[in-house]
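To keep things clear, I will list the structure first and then write my remarks on it.
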Protein chains: 2
Amino acid sequence: MRADARTNRARILDAAEAVFAEGGDAASTEEVASRAGVGIATVFRHFPTKPQLLEAVLVGRLERLRDQAAALVDGLEPGSAFFDFFATLVEDAAGKIAIATALSEAGGGAAPEATRASGELRAAVGKLLERAIEAGAVRADVELPEVYALLVGVSRAAVYTALDANVRDRMLAIVFDGLRA
Amino acid sequence: MRADARTNRARILDAAEAVFAEGGDAASTEEVASRAGVGIATVFRHFPTKPQLLEAVLVGRLERLRDQAAALVDGLEPGSAFFDFFATLVEDAAGKIAIATALSEAGGGAAPEATRASGELRAAVGKLLERAIEAGAVRADVELPEVYALLVGVSRAAVYTALDANVRDRMLAIVFDGLRA
DNA sequence: GAATATAGGGAGTCGTCACTCCGGTTGTCG
DNA sequence: CGACAACCGGAGTGACGACTCCCTATATTC
């Protein structure tokens with residue numbers, strides 16, 4: 001692969017992430033191309049169909065989240081590691097439709113890479129949850145599926161209602177209380 | 001207004017509700033028309049633009065929810081009235097993209113009717129919450145905005161993750177615990 | 001039951017968007 | 001530095017969806 005091809009690919013991915021974060025997947029490919037400073041054909045050469053471009057963005061996001069979660073697993077406090085990850089993710093999701101979509105599109109489509117990445121993130125969150133339960137910071141009868149669902153739901157709420165930070169924190173506090181007591 | 005016009009209008013609204021519930025607002029107007037058993041032109045005569053059709057569906061849903069909430073206010077137990085409404089709404093939202101959208105689109109667009117209906121629903125939920133707090137079923141420091149945000153979020157989670165009933169109930173239980181303790 | 005306004009239907013129109021074709025450009029390797 | 005392959009860009013193309021035009025059909029009114 002030639003050098004300019006590699007940098008263009010990266011530029012396209014960055015632009016696509018920004019564009020889809022703002023406009024959702026309804027945003028046009030042409031918008032992505034112009035934001036990346038390349039022609040449309042270049043976008044389609046790197047990602048032959050729009051779903052494939054969306055998948056690439058999705059996988060990037062999921063892997064970054066997975067790495068964040070994995071890094072926190074080896075951190076010090078299991079309890080705050082779990083809650084911090086939860087809160088950070090929701091905070092990041094505000095204004096970024098794509099993150100919420102990334103979370104929930106978990107293997108819904110027939111995109112193998114996305115399914116894999118989603119599974120890995122889920123596993124990383126599972127580890128975080130497990131440690132938090134062992135440390136007594138989360139109720140023992142809480143399981144991964146409902147935690148994941150809450151993560152998805154609260155993220156989407158943050159995206160779709162123009163939530164100011166205050167309300168968002170109060171909402172998180174309620175959910176966290178439910179996870180603890 | 002002629003009789004057939006009235007029945008056609010109702011048929012279109014019903015069809016639109018079903019179609020948009022399944023496919024989201026990306027579903028085509030032609031699909032709505034054929035499901036209603038009328039021509040496309042008829043749909044456009046009653047609702048001159050697609051946003052207006054969407055708004056009409058939205059207002060219908062919001063008003064029905066508002067009525068449900070209002071009916072529960074005069075019911076017997078304030079605590080279970082609140083939690084029942086919450087649970088019922090989330091249950092109904094599963095598989096119906098439109099309900100979740102209806103909740104969150106709350107005055108986002110410049111649609112006056114929708115804004116009004118959304119405000120009325122919000123007020124009805126507010127009453128429900130107020131009574132529940134007075135009865136000691138919900139913590140006193142909980143306020144409407146975060147409750148509404150949770151309603152939106154949990155509904156969307158139910159829609160976008162293929163949530164089975166079991167996980168959905170466990171998720172609700174966590175949120176309810178957070179609202180109580 | 002005839003006259004008339006009102007409503008319906010389906011074949012268009014127009015714009016948009018995903019995707020392609022081909023002539024020009026540029027990195028790379030001997 | 002020159003030649004070749006890899007890459008780029010932008011003007012197309014085809015499909016699809018929102019919306020319109022106009023002729024036909026039906027409800028209403030006297």
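Just so we're clear, the structure is a prediction, and the values are computed from it rather than from any experiment. Quick note on labels: first sequence line is chain A, next is B, and so on, each numbered from 1.
Taking atom CG of residue Asp4(A) and atom C1' of nucleotide dG27(C), one finds them 6 Å apart after rounding to whole Å. Rounded to an integer number of Å, the gap from Met1(B) CE to dT26(D) C1' is 16 Å.
Under the 3.5 Å distance criterion, the side-chain polar atoms of Glu55(B) are matched with a main-chain donor or acceptor of Ala114(B).
Residue Ala124(A) comes nearest to Val73(A) through the heavy atom pair O-CG2, 4.3 Å, listed as atom of the first residue, atom of the second, then distance.
You'll find that the side chain of Arg2(B) is closest to dA7(C), out of dC19(C), dC7(D), dA7(C).
Relative to the ring axis of Phe20(B), Arg61(B) does not place its NZ or CZ within 45° and under 6.0 Å from the centre. A cation-pi arrangement is absent between Arg131(B) and Phe82(B), since the terminal nitrogen or guanidinium carbon is not both under 6.0 Å from the aromatic centre and inside a 45° cone about the axis.
Val19(B) and Leu58(B) fall into different hydrophobic clusters, where Ile, Leu, Val, Met, Phe, Trp and Tyr side chains are chained together by heavy-atom contacts under 4.5 Å.
To the nearest 0.5 Å, the span separating CD on Glu91(B) from CG on Asp169(B) amounts to 7.0 Å.
Annotation: proximity of residues 28-36 of chain B to DNA chain D (heavy atom, distance under 4.0 Å) is found for Ser28(B), Thr29(B), numbered in ascending order. For DNA chain D, no neighbouring residue in residues 6-18 of chain B is found when judged by any heavy atom under 4.0 Å. Looking at residues 38-47 of chain B, you'll see Ala41(B), Phe44(B) sit with a heavy atom under 4.0 Å from some atom of DNA chain D.
Glu77(A) meets the side chain to side chain contact (heavy atoms under 4.5 Å, CB included) test with Ser80(A); sequence neighbours excluded.
Checking Ala3(B) against Lys50(B), the closest nucleotide of DNA chain D that is more toward the 5' end is the one next to Lys50(B). Between Gly37(A) and Pro51(B), the one whose closest nucleotide on DNA chain D sits nearer the 5' end is Gly37(A).
For the pair Phe83(B) and Val138(B), the minimum side-chain heavy-atom distance is below 4.5 Å.
Val59(B) forms part of no hydrophobic cluster, judged by ILVMFWY side-chain heavy-atom separations under 4.5 Å.
Sorted by first and then second residue, the ring pair (Phe, Tyr, Trp, His ring centres under 6.0 Å) pairs with a member in residues 34-62 of chain B form an empty list; sequence neighbours excluded.
Residue contacts for Ala27(B): at a heavy-atom cut-off of 4.0 Å it reaches the sugar-phosphate backbone alone, with no base atom in range.
Counting heavy-atom neighbours within 6.0 Å of Glu30(A) CD, excluding the residue itself, gives a total of 12 or less.
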